[in-house]
2 protein chains.
Amino acid sequence: MGTVSIKEVARLARVSPGTVSNVLNRPERVAPTTRERVRQAIRELGFVRHGSASTLRAGHSRTIGLSVMDIGNPFFTDVAAGAEDVASDLGYAVILGNSAGTRSKEERNLLVFAEQRVRGVLITPSDEALGPLDGLRERGISVVLVDHPAHRPDLCSVTVDDVAGGRLAVAHLLDLGVRRIGYLTGPRTIRQCLDRGRGAGQALAAAGLDPETVLETMEAPAMTARAGQEAAERLIASGRLPEAIFCANDLLALGVLRGLLQAGVGVPGDVALMGYDDIDFAAASAVSLSSVRQPTYRLGQIAAELLLEECGDPGAHAHRQIVFQPELVVRESTGGPGRTAATTRRRALTCSPAPKPRDSTLKEIR
Amino acid sequence: MGTVSIKEVARLARVSPGTVSNVLNRPERVAPTTRERVRQAIRELGFVRHGSASTLRAGHSRTIGLSVMDIGNPFFTDVAAGAEDVASDLGYAVILGNSAGTRSKEERNLLVFAEQRVRGVLITPSDEALGPLDGLRERGISVVLVDHPAHRPDLCSVTVDDVAGGRLAVAHLLDLGVRRIGYLTGPRTIRQCLDRGRGAGQALAAAGLDPETVLETMEAPAMTARAGQEAAERLIASGRLPEAIFCANDLLALGVLRGLLQAGVGVPGDVALMGYDDIDFAAASAVSLSSVRQPTYRLGQIAAELLLEECGDPGAHAHRQIVFQPELVVRESTGGPGRTAATTRRRALTCSPAPKPRDSTLKEIR
DNA sequence: CAGACCGCCTAACACGTTTTAATAGAGACC
DNA sequence: GGTCTCTATTAAAACGTGTTAGGCGGTCTG
């Protein structure tokens, strides 16, 4: 019914369909007067290019896929906002897929991306198996890893040094004088969790302490606030509360905080608490949360830039693995200044772009 | 290069391309043994259907578009999660667009949707102008409004009664005994803000009070925490703090809370504070936030169900305007029970599906 | 046993766009 | 006036899939 094609535009403008196509894609090849006549016809008929036909003929689309592990986590929506801003500036649309951290949903997302013949894919993989991604690349779909390092020279990645982040966090806790630390991690398949835990161990070793006796690792089934709260409740029931708890992300930490406070456990008085990511809500929580800040929005931006550069000219493109350095943010939950001190946090609680990181926080490899 | 088409599958399976197509789309029409032979060939070659060719030929795709006003607002990510779960169960992919509340980005999203020939569109419009949407519908793209009422019998919508929500909020504040209330709203073009303000006025009128003297409306340029904080700072600087502040959403309220606390203003002691949406972080904030709860995830689910029903059989489809009733949630910021009371909130702080609302909260019109 | 019917499959075209090679037309130069 | 160059346009052939009309055996029915 309603759908009007390039042919009808051509007829109205008294030119051939090919000329209409040229007006759309290479206007400089068309004489100004014809060009305007065609544009008028397009307006008049309300013509909208059929993206699928275009993709079919051109062999590729103007879309990229973005697969994240948790759409409910502000960390990932910040990344998505950064990527989308860059992509849409260059005329690309973003198809967003939520893998919810599961292998099967992730694969379903990738299948959709492949069927849609997206130009490229940004992905935070939920585990180390990159096989499906190589499958995409064989089909000519570029891939950039987000928040996951590519340990290979033929793949771009944008990450933040999670081992360093873990070190920062636990070194800070040790500075407080605590000597029994709990590490609440997410599922073991998640690299971020492992690296942050490894950094924690390094901080202990550097302080001459034995990780075995000082650090107790607890695994939550998901990296959500609910899981964090349940972990805290279990911990309280067991009667073996550590002096400090380091959580693998802020959502877990906010859940733990809630569980502790509801049980009457003081933070930081009885237990010091650290999160990770520094999501915007961390500064606004019941007891403001110490955390490890990452340049989240920037992560998405750079990833999209790398991807589109690679799509634009795969031959000339030099793959890069970019690593940012995280930053410690001390707040009340580890005895830092209270919220009445206006200096606690310069960045307002918001979801808009984070300030561009200082150059010193950026380290590029290769 | 790598891309393998239906023809090569056909050759390997020694059938015609049409049969392969049938295996993909109407397997029951193909004899079991041939079917299996074709499927084997598909696996062997790693064939992936070319979505664009399929869309081109079939005239429609297996995708829906979702345009939200703020991807950084947990309210909308919850809606998106609900919609995506339903859509992907039915084999549809979701293209997510962030309009950031601006007209121009919204129109860009709709253009992308139209070019992609999505099957339908879910949208929270940023203003009252539905013209572009009718344009879509003329092209055969179904539309369902999310969190925005369709005041027409030919359009589906899923909403929550914002006027009632505003009444609930302000009636509660009046119960506390306050007689000077500030209403911090977002841009005037946003319907939700207007309706919630209207409800606030109704609550005052019902209590025999004069809205003019009791309620002072302040407009923030955006519905973010940053804007909320800045509004609070301006208010403090002006020296005219009301006894209570009702914010048009929780992000604004969290920002206001932050601004007040940093300036040493007590909540709820000096100023009572109410948000709207009851996002998961509202219960975990510095002073836990009273709010108006909406069945967010459910909103997305139902919207997607309506949309796909309409897409499936536009003839038989009866348009419906569904209205949920919101629910008051009283917490510390209006003198409710502190967080040590385990009964404050049944639902854990998390981003997973909200419990299905009780039937009494659902009211369906027409 | 003829004819109708059925299940399964194939051949061929159509979908709307992009692109390439070819064509027409207008000057410009000798 | 003829040829050459350059520009503006066109015709036609793809791209990979879905669908429709029909063909080919074989089986059932009267």
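Not measured: the values here are computed from a predicted model.
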Rounded to the nearest angstrom, tell me the gap between atom CZ in B:Arg29 and atom C1' in D:dA21.
13 Å

Quick test of your reading of the model: are [X] and [Y] salt-bridged, counting only N-O distances below 4.0 Å?
X	Y	answer
B:Arg139	B:Asp134	no
A:Asp154	A:Arg137	yes
A:Glu309	A:Arg320	yes
B:Lys105	A:Asp85	yes
A:Glu44	A:Arg37	no

Indicate whether any N or O donor in one side chain lies under 3.5 Å from an N or O acceptor in the other, for [X] and [Y].
X	Y	value
B:Glu84	A:Asn98	no
A:Thr63	A:Ser61	yes
A:Ser126	A:Glu106	yes

For nucleotides 10-19 of chain D, 5' to 3', base contacts (B), sugar-phosphate-only contacts (S) and non-contacts (-) with protein non-hydrogen atoms under 4.0 Å give B--BBBBBBB

How sharply is the helix from C:dC1-D:dG30 to C:dC30-D:dG1 bent, taking the axes over five pairs at either end and rounding to 10 degrees?
50°

